[in-house]
Each structure stands twice: as C-alpha cells, then as structure tokens.
Protein chains: 2
Amino acid sequence: MALMHPMSAHPNRPVYLKLRDQIAAAIIDGVYPEGAMLPSVRALAAEQGANPLTVAKAYQQFQNDGLVEVQRGVGMYVVRGAAERLRAAEREVFLREEWPEIRSRMARLGLDPADLVIIS
Amino acid sequence: MALMHPMSAHPNRPVYLKLRDQIAAAIIDGVYPEGAMLPSVRALAAEQGANPLTVAKAYQQFQNDGLVEVQRGVGMYVVRGAAERLRAAEREVFLREEWPEIRSRMARLGLDPADLVIIS
DNA sequence: ATGGCTGTATTATGGCACTGATGCACCCCA
DNA sequence: TGGGGTGCATCAGTGCCATAATACAGCCAT
C-alpha cells in the first residue's frame with residue numbers, strides 16, 4: 001500500500017530553507033566555529049549545486065538575527081555566542097511547537113518515546 | 001531574536017496536506033468509523049473554509065491507497081480495516097523516516113526524549 | 001594600483017504548486 | 001421523472017521559488 005505520509009515535513013522543501021537548516025546545524029555543531037568565516041555564497045553555491053542568490057537568501061536570515069557579521073568585500077563571520085544562542089532559540093521553538101505535535105502523533109500511533117529511546 | 005525555524009515543521013504547509021492529516025487522524029481515532037461515509041467534499045470544504053477541490057485532492061490519496069471506497073453519486077466510505085492499516089502504515093513511516101531525524105535533532109539541541117516524557 | 005576575491009542589488013524568466021470557478025456525470029429518493 | 005445530493009474533470013489565475021545574466025561596491029594581497 002502506498003505510504004501515507006510521504007512527507008510529513010515537506011517533500012519539496014525550498015532549497016534556501018534546506019540550506020539554512022544545514023548551516024544552522026553546522027554552526028551549532030561547531031563545524032563553523034565562532035569567529036570563523038562562512039563559505040562564500042559562490043563557493044557554497046558551487047558545492048551544493050545551487051544558485052549563489054539562493055545561498056545568499058539562506059545567509060540573509062542569519063544576519064537578520066545577528067548571528068553572523070558581514071564584512072563587505074571580505075566575508076561573513078560567525079559572531080561570538082552564535083552557537084549557543086542558536087541552540088537555545090531552536091530548543092525553544094522545538095519544545096513549544098514541535099514536540100507537542102510529535103507527542104500527540106506518537107500517541108495516536110500507539111508509540112511511546114520511552115520505548116524508542118533504547119532503539120536508536 | 002528572530003526564530004530560526006519559522007517553518008521547520010509546517011508553516012506554509014499546503015491546505016490539502018493539512019486536511020489529509022486531519023482526516024487520517026479522524027479515521028484512526030474512529031471519528032469516521034469503518035463503513036461510515038466521509039463528509040462530502042462540499043460539506044467539509046464549507047466547514048473548513050476551503051475549496052471543494054482542495055478537499056477532493058486530500059480525499060484522493062485515500063482512495064489511491066484503497067482506504068476509502070467511492071460510490072459515484074453517493075459518497076465515499078471508509079473500508080473495513082482502514083483504521084488499522086492506516087495506523088500501521090503511518091507508524092512504519094514515522095519510525096523509519098521521521099524518528100531518526102527527530103532524534104538527531106534533539107541530540108543537537110541537547111534534549112533527551114526520556115526527560116520530555118514526563119513533561120507533557 | 002590592479003586583479004581577484006568578497007557580498008549585494010537589479011531585472012527578467014521559467015516552472016510548479018495551490019487555489020479557484022464552472023460545468024458535467026452519476027446516483028438516490030420522492 | 002424531476003430535483004438535489006454525490007464525486008470529478010477542465011480551464012484559468014496567482015504567487016512563490018529558483019535560476020540566470022549583469023553590474024556594482026568594498027577589501028586585500030601581489
């Protein structure tokens with residue numbers, strides 16, 4: 001039988017959002033440490049097979065949030081405390097918006113988080 | 001600070017997908033018991049403030065999966081065993097595709113499912 | 001100072017998903 | 001045999017996304 005939730009998240013999630021999530025994860029994980037320079041829009045675009053403008057759109061949100069600092073003509077740098085602020089913000093959103101839905105969904109499916117902790 | 005995941009889960013989730021999830025939940029929960037007729041596309045559209053076609057698109061997937069039976073000119077009916085098949089299928093997808101991502105995401109955020117079981 | 005790297009602004013274009021309005025085919029019941 | 005209820009097909013419109021081609025402004029090492 002065909003699956004029912006081919007995409008509970010989003011199948012056709014916009015590229016610039018995927019990039020944003022990926023970069024955010026990299027910052028939190030320390031792949032791009034504080035003070036380090038992010039890959040240039042052109043470099044990351046080439047690496048990811050995307051358009052430089054699309055990468056710029058992903059970067060845009062980070063400077064809006066003050067997580068990266070732009071030095072025109074030089075590059076974009078991860079500000080101090082960015083990783084922690086990012087993680088705190090994500091955690092906040094996760095607990096408030098995502099986790100309740102996940103819980104009720106699991107309940108409906110007859111699953112219990114306690115049981116799944118062991119598995120993975 | 002602006003949040004990071006304005007739509008990590010579903011901000012702009014298409015209406016027809018929201019409806020599909022909602023209907024699937026209703027079937028699993030027995031709101032629409034086996035053998036019962038689903039609300040007509042027009043009725044549900046009016047109730048949800050959506051377009052009849054959008055509702056039809058949501059229903060479409062259920063007939064593709066053989067979970068509902070169509071009687072032209074009459075209505076759509078929930079087939080026998082639909083709830084259980086639906087729940088099994090959803091559970092399969094959840095465990096295989098969603099849960100791993102949730103786990104790694106929680107790990108990145110410094111969260112542990114075991115701790116959150118108590119909260120909610 | 002010049003070439004090469006940064007990010008950024010502008011404009012245009014194609015594609016695709018979502019939504020909407022209308023009309024048709026079908027079935028049941030009075 | 002009508003009338004009102006089904007689902008369904010077609011066509012059109014709208015908006016977002018992604019791409020593209022340029023061009024500009026700033027910085028730096030050679």
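Keep in mind that what you see is a predicted model, and the values were worked out from it rather than measured. Throughout, protein chains are lettered first and strands after them, A, B, ... in sequence-line order, and every chain is numbered starting at 1.
Applying the salt bridge (Lys or Arg N to Asp or Glu O under 4.0 Å) test to B:Asp112 and every residue at least two apart in sequence or in another chain returns nothing. With sequence neighbours excluded, the residues forming a side chain to side chain contact (heavy atoms under 4.5 Å, CB included) with A:Tyr32 are A:Ile23, A:Ala26, A:Ile27, A:Leu38, A:Pro39, A:Val78, listed by chain and number. Evaluation of the salt bridge (Lys or Arg N to Asp or Glu O under 4.0 Å) rule for A:Glu92 yields A:Arg96 as partners, not counting sequence neighbours. Every residue meeting the side chain to side chain contact (heavy atoms under 4.5 Å, CB included) condition with A:Ala56, not counting sequence neighbours, appears here in chain and number order: A:Val41. Applying the side chain to side chain contact (heavy atoms under 4.5 Å, CB included) rule to A:Gln60 yields the partners A:Gln63, A:Asn64; only residues at least two apart in sequence or on another chain are considered.
Of all the residues in residues 32-40 of chain A, not one reaches under 4.0 Å from DNA chain D with any non-hydrogen atom.
One finds no side-chain N or O of B:Tyr16 lying less than 4.0 angstrom from the OP1 or OP2 phosphate oxygen of C:dT19. Between B:Tyr59 and D:dG7 there is no side-chain polar atom (N or O) within less than 4.0 angstrom of OP1 or OP2.
Rounded to whole angstrom, the span from the CD atom of B:Gln48 across to the C1' atom of C:dT19 amounts to 16 Å. Look at NZ on B:Lys18: it is 15 Å from C1' on C:dA17, rounded to the nearest Å. In this entry the distance linking NZ of A:Lys57 with P of C:dA9 reads 14 Å, nearest Å. Nucleotide C:dC18 holds its P atom 11 Å from the CZ atom of B:Arg20, rounded to whole Å. When the P atom of C:dT8 is taken as reference, atom CD of A:Glu69 falls 13 Å away, rounded to whole Å. Rounded to whole angstrom, the span from the CG atom of B:Leu44 across to the P atom of C:dT19 amounts to 13 Å. Atom CD of B:Gln61 and atom P of D:dG7 are 16 Å apart (whole Å). The distance from atom CZ of B:Arg13 to atom P of C:dT19 is 12 Å, rounded to the nearest whole Å.
Counting only residues at least two apart or on different chains, no side chain to side chain donor-acceptor pair (under 3.5 Å) pair has a member in residues 34-50 of chain B.
B:Asn51 places a side-chain N or O within 3.5 Å of a backbone atom of B:Leu53 that can act as its donor or acceptor partner. For A:Arg85 (side chain) and A:Asp65 (main-chain N/O), a donor-acceptor pair under 3.5 Å exists by modelled atom type.
When distances are taken from the side chain of B:Asn51 to each of D:dT19, C:dG20, C:dG7, the shortest belongs to C:dG20. For B:Leu53, whose side chain is taken as the heavy atoms from C-beta onward, the closest listed nucleotide among D:dT19, D:dA9, C:dT19 is D:dA9.
Note on A:Gln63: only backbone sugar-phosphate atoms sit closer than 4.0 angstrom, heavy atoms only; bases stay farther off.
If you chain together ILVMFWY residues whose side-chain heavy atoms come under 4.5 Å of each other, B:Val74 ends up grouped with B:Met37, B:Tyr77.
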Could you list the protein-to-nucleotides 23-27 of chain C atom pairs, N/O on both sides, closer than 3.5 Å?
{"residue": "C:dC27", "atom": "O4'", "partner": "B:Arg72", "partner atom": "O", "Å": "3.4"}

